[in-house]
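One structure below.
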Amino acid sequence: MKRSRFNEAQIIGILKEHQAGMCAPDLCRKHGISDATFYNWRRKYGGMEVADAKRLKALEAENAKLKKMQAEQMMDVATLKEMLGKNF
């Protein structure tokens with residue numbers, strides 16, 4: 001996944017500028033981002049504080065780790081079933 005030029009604190013700062021009354025096209029021009037990026041950020045981080053965004057990132061990382069563990073377990077189970085099926 002491509003790494004963003006902006007961290008969560010900067011993204012939330014940009015969104016707070018928008019909430020303060022600055023229009024989206026001017027914000028995008030000022031910070032060098034596209035309209036689509038701005039609206040994606042607003043959908044993902046809208047109404048969050050910096051601590052909330054960090055917690056979200058930690059939860060997403062933990063979720064990815066758990067999904068990987070589950071996939072590995074499912075492969076192990078399938079392999080064992082296949083081995084048992086060949087023996088009998």
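The analysis underlying the following values was restricted to heavy atoms, covering all of them including side chains, and did not include hydrogens, waters or symmetry mates.
Residues satisfying the side-chain contact (heavy atoms from CB on, under 4.5 Å) criterion with Lys30, sequence neighbours excluded, are Glu17, Met22. Taking Arg42 as the reference, Leu15, His18, Phe38, Tyr39 meet the side-chain contact (heavy atoms from CB on, under 4.5 Å) condition, with sequence neighbours excluded.
Across all their heavy atoms, Leu27 and Ile14 have their closest contact at CD1-O, 3.6 Å. Of all the heavy atoms in Ser34 and Cys28, the pair that sits closest is O-SG, 3.7 Å. Between Pro25 and Asp35, the shortest heavy-atom contact is CA-OD1, 4.3 Å. The heavy-atom pair separating Gln10 from Arg5 by the smallest distance is OE1-O, 3.8 Å. Of all the heavy atoms in Met48 and Leu56, the pair that sits closest is CE-CD2, 3.6 Å.
Checking side-chain atoms of Thr79 against main-chain N and O of Met75 turns up a donor-acceptor pair under 3.5 Å.
Between Asp26 and Arg29, some side-chain heavy-atom pair lies under the 4.5 Å cut-off. Within the 4.5 Å cutoff, side-chain heavy atoms of Met74 are placed close to those of Gln70.
Residues Glu8 and Lys57 are paired through a salt bridge, judged by an N-O separation under 4.0 Å between the basic side chain and the carboxylate.
Separation of atoms OH (Tyr45) and CD1 (Ile12) is listed at 7.5 Å; rounding is to 0.5 Å. With values rounded to the nearest 0.5 angstrom, Thr37 atom OG1 is found 9.0 Å from Phe6 atom CZ.
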Would you check, one step at a time, whether the test side-chain contact (heavy atoms from CB on, under 4.5 Å) holds for Asp52 with Glu49? CA-CA 5 Å; Asp52 296 334; Glu49 294 295 324; 3.9 Å; yes
